[in-house]
Novice: 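Below is one structure. I have some questions about it.
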Amino acid sequence: MGTPEQSTGGPAVSWAGRMSGLAGSCHPGPVVAVTALMAALAVTAGQSAARCVLTAAAVLTGQLSVGWCNDAFDARRDIAAGRRGKPVVDGTVGVREVWGAACVALALCVPLSLACGPWAGAVHLTGVAAAWAYDLWLKATAWSWAPYAVGFAALPAFVALGLPGQPWPAWWVVTAGALLGVGAHLGDVLPDIRGDLATGVRGWPHRLGPDGTRLLLPVPLVAASAVLALGPAGPPGKWGVAALAAAVLVAVAGTVLGRRRERAAFAAAVAVAVVDVALLLLRGTGIA
């Protein structure tokens, strides 16, 4: 397995194998999910077809850069913890290759973001910078939640500012994005929290501990549901009320069942996040 410096893909790994490892190192699940969500939000918000493609490309390159930065920077810790299944740990791809991919993706993200407009580009790049700050520094501090809040709040703001006239995003969509970001941070850390603690990571969820993180996890997600359902002008409508009620019920059930099965709490949080995403898309026409 070797050290991060030694893990360079090696001559025994084929080109196709290294490309597969590189794809696996970008955290493909979150990359695809966030990019698809922002592309869908751009459509529902009313961006033109060409602008939707540009928005998706900017988000995709930003997310790729963050994912690759995360795996490259954490390579030594992941190897020490024996986290099999990670391409850098398994020797499928080298740290230098992952760093190179992260830098190329970031270099592409800058012009793509600014092409959506100066304000839109500045907001999106602020979110990407916050995510890089998390990877490189804030992940192991009590402020680990802040980059997630900033990054997730920046995404719908980026979409809104990319509309004709560059309108400023509605307060409720930025607030909901920040809350979703905090919930995503708690949910992302929870499955690996014990391993992280063993390797000395002391982010905000780690300081709360597994039980504290599990209990807090649904709070920002349900709060996001409430903001998305009640924040826009006018009555929430039957779908908004139903979604908010479902989010509360699922969160309570997850908290209760999570006392015995931690996975139940995580699954409930994912379900509430899905409700939040549906509400976000439902409210997409009013984000600016």
Side-chain angles (χ1 to χ4, degrees), residues 30-31 33-63 65-66 106 108-133 146-184 220-221 223-241 243-244 273-288:
V31 166
V34 172
T35 303
L37 173 58
M38 288 304 105
L41 183 61
V43 172
T44 59
Q47 288 191 3
S48 66
R51 181 51 63 87
C52 287
V53 172
L54 187 58
T55 296
V59 172
L60 174 61
T61 52
Q63 293 298 308
S65 77
V66 172
L106 182 62
L108 290 172
C109 179
V110 174
L112 287 170
S113 298
L114 293 174
C116 295
W119 282 110
V123 166
H124 184 236
L125 292 174
T126 297
V128 173
W132 273 68
Y148 271 81
V150 172
F152 275 69
L155 287 169
F158 174 51
V159 173
L161 286 164
L163 291 167
Q166 302 181 21
W168 195 250
W171 70 268
W172 54 267
V173 75
V174 176
T175 302
L179 289 167
L180 281 170
V182 174
L221 297 174
S225 303
V227 170
L228 288 166
L230 306 176
K238 62 180 181 180
W239 290 112
V241 172
L244 179 56
V274 170
V275 172
D276 291 344
V277 168
L279 278 172
L280 179 60
L281 295 177
L282 185 66
R283 301 293 197 182
T285 54
I287 66 171

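All values derive from a computational prediction rather than experimental measurement.
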Novice: Taking it one step at a time, do L161 and C116 satisfy side-chain contact (heavy atoms from CB on, under 4.5 Å)?
Specialist: CA-CA 8 Å; L161 286 164; C116 295; over 6 Å; no
Novice: Check G286 against A170 and note the closest heavy-atom contact, atom names and distance.
Specialist: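 Taking G286 first and A170 second, the nearest heavy atoms are O-CB, 4.0 Å.
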Novice: V150 and A130: which non-hydrogen atoms are nearest, and at how many Å?
Specialist: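 So the minimum-distance heavy-atom pair works out to CG1-CB, 3.9 Å.
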Novice: Considering residues at least two apart in sequence or located in another chain, which fulfil the side-chain hydrogen bond (donor to acceptor under 3.5 Å, both in side chains) criterion with W132?
Specialist: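 So W132 forms a side-chain hydrogen bond (donor to acceptor under 3.5 Å, both in side chains) with S65.
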Novice: Show the nearest heavy-atom pair for residues L163 and G46, with the distance to one decimal.
Specialist: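 Residues L163 and G46, closest heavy atoms: CD2-C, 3.8 Å.
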Novice: Say you draw a straight line from CH2 of W239 to CG of L282; how long is it, rounded to the nearest 0.5 Å?
Specialist: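 These two atoms lie 9.0 Å from each other.
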Novice: Under the rule for side-chain hydrogen bond (donor to acceptor under 3.5 Å, both in side chains), what residues qualify as partners of T55, not counting sequence neighbours?
Specialist: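 Here the qualifying residues are Q47.
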Novice: Provide the closest heavy-atom pair for P232 versus V227 in the form atom of the first, atom of the second, distance.
Specialist: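 Residues P232 and V227, closest heavy atoms: CD-O, 3.7 Å.
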Novice: Got P156 and V174 here, is their nearest side-chain heavy-atom distance under 4.5 Å?
Specialist: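 No, side chains not in contact.
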Novice: Does some side-chain heavy atom of T175 sit less than 4.5 Å from a side-chain heavy atom of L179?
Specialist: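 Touching, per the 4.5 Å side-chain cut-off.
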Novice: Look up atom CG in L279 and atom OG in S225, then write down how far apart they are to the nearest 0.5 Å.
Specialist: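 One finds 6.0 Å between CG of L279 and OG of S225.
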Novice: Keeping the roles fixed (side chain from R51, backbone from G162), state whether a donor-acceptor pair exists under 3.5 Å.
Specialist: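 Present.
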Novice: Quick check: do T61 and L106 have side-chain heavy atoms less than 4.5 Å from each other?
Specialist: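 Sidechains of L106 and T61: no contact.
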Novice: Enter the distance from T35:OG1 to L60:CG here, rounded to the nearest 0.5 Å.
Specialist: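 Here the rounded value is 4.5 Å.
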Novice: Please name all residues satisfying side chain to side chain contact (heavy atoms under 4.5 Å, CB included) with F152, sequence neighbours left out, ordered by chain then number.
Specialist: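 Listed in chain order: Y148, L180, A184.
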Novice: Any idea which heavy atoms bring L281 and L41 closest together, and the distance?
Specialist: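 Heavy atoms only, the tightest pair is CD2-N, 3.7 Å.
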Novice: If every non-hydrogen atom of P147 is compared with every non-hydrogen atom of A131, which pair is closest and at what distance?
Specialist: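 Closest pair (atom of P147, atom of A131, distance): CB-N, 4.5 Å.
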Novice: Got a sec, which residues hit side chain to side chain contact (heavy atoms under 4.5 Å, CB included) with A129, two or more places apart in sequence or on another chain?
Specialist: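 Listed in chain order: nothing, the list is empty.
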Novice: Identify, with sequence neighbours excluded, every residue that meets side chain to side chain contact (heavy atoms under 4.5 Å, CB included) alongside A58.
Specialist: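 Only L112, S113, H124, F158 meet the side chain to side chain contact (heavy atoms under 4.5 Å, CB included) criterion with A58.
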Novice: Applying side chain to side chain contact (heavy atoms under 4.5 Å, CB included), can you list everything that pairs with P236, at least two apart in sequence or on another chain?
Specialist: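 P236: side chain to side chain contact (heavy atoms under 4.5 Å, CB included) contacts with L230, V241, R283.
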